[in-house]
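Below you'll find the structure, written out as structure tokens, and then a few comments.
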2 protein chains.
Amino acid sequence: MRAELFDPDIPRDRLLAAGARLFRRQGFRATTVRAIGAEIGLLSGSLFHHVRSKEEILFGVMERVIGAMLDDLRAGLSAAGDTRARLRALIAVELTYLHGPCADATAVLFHEWRALSPERQAVLLSGREAYFALWHEVLERARAEGLTRAEPAVLRQFLHGALAWTSFWYQPGGALDIDALSEQALAMVAPPEVSP
Amino acid sequence: MRAELFDPDIPRDRLLAAGARLFRRQGFRATTVRAIGAEIGLLSGSLFHHVRSKEEILFGVMERVIGAMLDDLRAGLSAAGDTRARLRALIAVELTYLHGPCADATAVLFHEWRALSPERQAVLLSGREAYFALWHEVLERARAEGLTRAEPAVLRQFLHGALAWTSFWYQPGGALDIDALSEQALAMVAPPEVSP
DNA sequence: TAACAAACCAAGCAAGCGCTTGGTTGTCTT
DNA sequence: AAGACAACCAAGCGCTTGCTTGGTTTGTTA
């Protein structure tokens, strides 16, 4: 996966990274433009030289991460062998984004979706749909092969919810690393014994 | 389960119910005391006769629902027979609260936890811990009996996340009712074939 | 070295926020 | 009849918010 979503040498990217960090920690509404500015040593007014509005920061963060996740998921799926490996790739990509170097931006994408205006939500919707279309494809096959039992459309939501929720409790650096966490998620949706 | 958390005949309860409704729809920060007042035909200042602060509304809502859920979960578990039935009860109680008559308050409890001050979070923590202690007990037995595969502590978080996330996508009244949704969740964490 | 644009500062505006204040209304008890 | 109390209104205070404005610095190019 790409190590960084934002280039520290580009002022606007520094702004987006700071926004992601604070939006994740305090939420979009609770974060002031003054706090974002202070985070990168800027006065509150100065950041409107790089961005038209506070919401544009949120949108910029989401747009960036949604594109990157889609790329990485495609790469992960094409590298995976059987359906079970593809299932693991779905999980691993999401957990890696949620707890790796892109953790801030990914958490913001998942948890601050409602803070974005409906118009801008619509702009990102195609990327979101493409992402979950890949999920659906894998989950359909997984059920056809007897790996999973729940209906793919429902399972997709359950699994995504379970993974997104990890940002509230999972601490990277503890006893459980991301690979082990992925394996636990895989064990939940597709216990090894069920496969033929 | 108890049909209503708030008594429409008590002014303060009407206030809490209105708060829950708006907090769920727009989030705590985005909801103004003026909007809450308007919801029950009150001027913004008048509602401070019933409540000391806006946050006290949030706390009141959460306190109420957390106690009710704990009662209902205890009742549901004692009525259930084997471990699989107890597992179903865990799921059913949570989904019933999330999408039944207490949907507003429950969604607020799960999704606006961070909006509560740390001091008040601490007050509710004992109720929360008692609730999840019951979960843990059931999930431990489920694993001991071979019903589930993932570690109980992790599975608890995954499952709770999956269920809490339903408030973003599940629409009661559609083709899938709450019982069917519960069955899907159960199928995900404990596929029938695995049991001995 | 002059010109120019990107990047930033200093100051503040208009609007909205949670909450306070002082007073009025209606109901119930004694 | 009179007191007590809950419930509410009308008005607005002090503060914070996102964002604007006009001007200054800095670095690059011609």
Side-chain angles (χ1 to χ4, degrees), chain A residues 6-63 108 112-121 123, chain B residues 6-63 108 112-121 123:
Chain A
F6 308 105
D7 183 350
D9 291 334
I10 300 175
R12 198 187 131 102
D13 271 33
R14 263 194 316 251
L15 180 57
L16 296 186
R21 198 159 48 240
L22 293 181
F23 293 161
R24 180 196 185 185
R25 196 181 311 156
Q26 326 174 351
F28 177 74
R29 300 258 335 184
T31 302
T32 69
V33 295
R34 285 167 177 80
I36 301 174
E39 190 82 359
I40 52 174
L42 237 56
L43 233 34
S44 74
S46 305
L47 95 215
F48 288 94
H49 178 73
H50 302 96
V51 118
R52 234 180 291 269
S53 69
K54 181 187 170 189
E55 198 203 333
E56 197 176 295
I57 302 177
L58 182 62
F59 180 78
V61 170
M62 291 182 167
E63 186 184 33
V108 168
E112 299 291 339
W113 181 259
R114 289 192 321 167
L116 206 64
S117 70
E119 297 79 31
R120 287 206 157 107
Q121 284 184 17
V123 176
Chain B
F6 308 105
D7 184 349
D9 292 334
I10 300 174
R12 197 186 131 102
D13 272 32
R14 264 194 313 250
L15 180 56
L16 296 186
R21 199 158 47 238
L22 292 181
F23 292 162
R24 180 196 184 184
R25 196 182 311 158
Q26 326 173 351
F28 177 75
R29 301 256 336 182
T31 301
T32 69
V33 294
R34 286 167 176 82
I36 300 174
E39 189 82 359
I40 53 174
L42 237 56
L43 234 34
S44 75
S46 305
L47 95 216
F48 289 94
H49 177 73
H50 302 96
V51 119
R52 234 180 291 268
S53 69
K54 180 187 169 187
E55 198 202 335
E56 198 177 294
I57 303 177
L58 182 63
F59 180 78
V61 169
M62 290 181 167
E63 187 184 33
V108 166
E112 299 291 338
W113 181 259
R114 289 192 320 167
L116 206 64
S117 71
E119 297 80 30
R120 288 207 158 107
Q121 284 182 20
V123 176

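Reminder, nothing fancy here: chain letters follow the sequence lines and each chain counts from 1.
- Of the residues in residues 12-23 of chain B, none has a non-hydrogen atom less than 4.0 angstrom from any atom of DNA chain C.
- No donor-acceptor pair under 3.5 Å is formed between the side chain of B:D13 and the backbone N or O of B:F6.
- Between A:G19 and A:I36 the shortest heavy-atom distance is N-CG2, 4.2 Å.
- A heavy-atom distance below 4.5 Å is found between the side chains of B:R120 and B:E56.
- Between B:F28 and B:V108 there is no side-chain heavy-atom pair separated by less than 4.5 Å.
- Without hydrogens or angle criteria, B:E55 side chain to B:S117 main chain gives a donor-acceptor distance under 3.5 Å.
- Comparing A:P11 and B:V33 by the nucleotide of DNA chain C that holds the closest heavy atom to each, the one mapping nearer the 5' end is A:P11.
- At least one side-chain heavy atom of B:M62 sits less than 4.5 Å from a side-chain heavy atom of B:E112.
- Boundaries of the chain B contact region on DNA chain D are D:dA6 to D:dG12, first to last in 5' to 3' order (nucleotide atom under 4.0 Å from a heavy atom).
- Contacts of residues 44-60 of chain A with DNA chain C (heavy atom under 4.0 Å): A:S46, A:H49, A:H50.
- Each of A:R34 and A:L43 was assigned the nucleotide of DNA chain C with the nearest heavy atom; the assignment lying further toward the 5' end belongs to A:L43.
- No donor-acceptor pair closer than 3.5 Å links the side chain of A:R34 to the backbone N or O of A:S44.
- Using a 4.0 Å heavy-atom cutoff across all strands shown, A:G41 reaches sugar-phosphate atoms only and no base atom.
- Relative to the ring axis of B:F59, B:K54 does not place its NZ or CZ within 45° and under 6.0 Å from the centre.
- With hydrogens and angles ignored, the 3.5 Å screen pairs no side-chain donor or acceptor of A:E39 with any backbone N or O of A:A18.
- Under a 3.5 Å cut-off, the side chain of A:T31 and the backbone N or O of A:G27 do form a donor-acceptor pair.
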